[in-house]
Number of protein chains: 2
Amino acid sequence: MSKILLVEDDENLGPSLKKYLEDEGFTLELVATLKLAKRDPKKFDMIILDWMLPDGQGLDFLRELRAQKINIPVIMLTARADLVDRILGLETGASDYMTKPFEPRELVARIRVQLRNVKSSHEFLESDHLDLGALHIDDLKREVYFEDHKIELTKMEYELLRLMAREPGRAFSREEILNKVWGMENYPSTRTVDTHVLQIRQKTKDDLIETLRGIGYRMKA
Amino acid sequence: MSKILLVEDDENLGPSLKKYLEDEGFTLELVATLKLAKRDPKKFDMIILDWMLPDGQGLDFLRELRAQKINIPVIMLTARADLVDRILGLETGASDYMTKPFEPRELVARIRVQLRNVKSSHEFLESDHLDLGALHIDDLKREVYFEDHKIELTKMEYELLRLMAREPGRAFSREEILNKVWGMENYPSTRTVDTHVLQIRQKTKDDLIETLRGIGYRMKA
DNA sequence: GGTAATTGTCAAAGTATTGTGAAAAAATTG
DNA sequence: CAATTTTTTCACAATACTTTGACAATTACC
């Protein structure tokens with residue numbers, strides 16, 4: 001289930017492309033401005049970036065990404081057949097490009113090439129399991145053990161636990177948790193986080209997660 | 001430990017990379033020309049190939065290897081702007097690529113992924129059958145037995161079962177299953193996977209395959 | 001100690017995902 | 001090319017999960 005960030009301000013193209021790609025089985029997040037795009041690009045497996053954006057150049061965004069060593073594949077969409085833009089884009093680190101207008105089918109094919117062949121580097125660098133005292137998270141099996149017995153977590157509980165277990169001792173605000181686990185769209189209320197923390201606490205029968213009143217939560221180190 | 005052939009003519013990068021990888025526990029052989037590389041590539045477990053070589057194209061070397069049915073993983077090192085080369089390389093059968101400059105750490109991670117893949121498929125190829133509790137897959141005959149009686153599976157069902165049985169306990173997303181069983185061309189909807197899982201479940205009359213809601217499926221270990 | 005704000009807890013309502021069978025489409029076979 | 005088998009899609013049912021909201025418990029602050 002690959003997550004794609006679509007940066008497109010065209011009010012027709014954006015939503016229709018989103019729908020098309022979702023029908024193809026991808027998870028999409030559509031934003032219209034670079035400001036929104038910059039919030040947390042790391043959590044995506046791929047970025048599709050319109051080159052002609054109102055609040056700045058796509059090129060700068062791409063440059064920033066690469067400067068931060070974020071090597072997610074980026075497919076750029078250029079409106080005209082502007083050779084200079086394409087060359088600049090590729091030199092800056094775009095993985096591929098499409099010139100508008102294009103066939104959605106072709107875009108899908110190119111997306112698959114990128115996703116199949118090049119897993120994002122943070123995925124490679126992350127180990128496939130995580131130990132924290134009595135807690136053991138196996139990412140490959142997607143299983144969680146606590147004190148040697150398996151506990152069943154739902155998807156959200158799992159994501160939440162993993163997010164916090166990766167950085168034990170660090171404080172997370174509810175907003176940060178929502179951003180990183182839920183994403184920018186379907187953004188539930190902050191109380192939802194509480195409910196999931198409760199579930200995890202009940203299932204592990206232990207206070208792995210500490211409450212920081214007025215702040216958020218923290219994983220015991 | 002794994003033997004790696006490093007084809008790199010850069011007098012700085014070559015030796016330093018060799019040392020770095022040797023410190024990581026790999027056995028390295030560094031050659032600067034394709035002529036040397038071609039001597040006996042078969043004896044290595046992996047090849048790391050610089051794309052920009054003086055005495056010819058890395059692409060040709062790769063093509064030769066694959067023509068001789070030598071399926072050693074090849075990681076190619078390319079410059080950023082060589083989009084065409086990258087795509088050509090992957091289409092010719094490169095396993096992965098790194099764009100220079102890169103983090104040695106990341107290269108190591110990618111090497112491990114490739115070696116792991118080869119190992120599992122190699123192990124599987126060596127033995128012509130596979131046992132998993134009451135399930136027995138005879139890959140030579142292409143027959144499947146469950147609790148000592150034969151069950152008839154169609155091609156897709158067989159491929160799907162074999163993919164998952166090869167790594168019991170591991171979680172597979174529908175996208176990964178589609179990629180590995182169906183490949184890139186004629187890519188059906190993700191629900192197709194569900195249907196085939198259903199068929200297998202009905203034919204084996206057992207929950208060999210667990211559902212991971214929101215994630216995908218997993219073979220019982 | 002009293003009060004307001006924050007968090008814990010639970011169950012019901014609302015969503016999303018998956019199971020299932022059958023029909024349509026595609027591929028294979030004779 | 002017709003018959004058969006397989007694959008894929010679709011619709012709807014079943015199920016599991018998520019979110020909300022109400023109220024209780026706790027904490028912080030005066």
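Predicted, not measured: the structure shown is a model, and the values here were computed from it. Naming convention: chains lettered A, B, ... in sequence-line order (proteins, then strands); numbering from 1 in each chain.
Of all nucleotides listed (C:dT20, C:dG8, D:dT9), D:dT9 comes nearest to the side chain of B:P188. The A:R213 side chain lies nearest to D:dT26 when the options are C:dT17, D:dT26, D:dT18. Closest contact between the side chain of B:Q202 and the listed nucleotides C:dT18, C:dG21, D:dT7 involves C:dG21.
With rounding to whole Å, B:Y217 atom OH is found 6 Å from C:dT18 atom C1'. D:dT8 atom P lies 12 Å from atom OH of B:Y187, rounded to whole Å. In this entry the distance linking CG of B:D194 with C1' of D:dT7 reads 14 Å, nearest Å. Here C:dT20 presents its C1' atom at 10 Å from CD of B:Q199, a figure rounded to the nearest Å. What separates CD1 of B:I215 from P of D:dA16 is a distance of 17 Å, to the nearest Å. The separation between A:I177 atom CD1 and D:dT18 atom P is 15 Å, rounded to whole Å. Rounded to an integer number of Å, the gap from A:K155 NZ to C:dT17 C1' is 10 Å. A:R218 has its CZ atom 14 Å from the P atom of C:dT7, to the nearest Å.
Checking the phosphate oxygens (OP1, OP2) of C:dT18, a side-chain nitrogen or oxygen of B:R174 falls inside 4.0 Å. In terms of phosphate contacts, A:H196 brings no side-chain nitrogen or oxygen within less than 4.0 Å of OP1 or OP2 of D:dC17. The side chain of B:W182 contributes an N or O atom lying less than 4.0 Å from OP1 or OP2 of D:dT8.
Between the side chain of A:D138 and the backbone N or O of A:E143, no donor-acceptor pair lies under 3.5 Å.
Nucleic acid contact for A:S189: sugar-phosphate only, since backbone atoms but no base atoms lie under 4.0 Å from a heavy atom of the residue. As judged by a 4.0 angstrom heavy-atom cut-off over every strand, B:T192 is placed among the base-contacting residues. Counting any heavy atom pair closer than 4.0 Å across all strands shown, B:L160 reaches no nucleic acid atom. Residue A:L153 is out of contact with every strand shown, counting any heavy-atom pair closer than 4.0 Å.
Nearest-nucleotide assignment on DNA chain D puts the 5′-proximal partner with B:T190, out of A:T195 and B:T190.
Side-chain contact check for A:D139 and A:H129: no donor-acceptor pair (N or O, by modelled atom type) lies under 3.5 Å. Using modelled atom types, one finds no donor on one side chain facing an acceptor on the other under 3.5 Å when comparing B:S2 with B:R112.
With contacts defined as side-chain heavy-atom distances shorter than 4.5 Å, the pair A:L49/A:I75 does not qualify. At a threshold of 4.5 Å between non-hydrogen side-chain atoms, the residues B:Y217 and B:E210 do not count as touching.
With hydrogens and angles left out, the side chain of A:R191 and the base of D:dT20 share no donor-acceptor pair within 3.5 Å.
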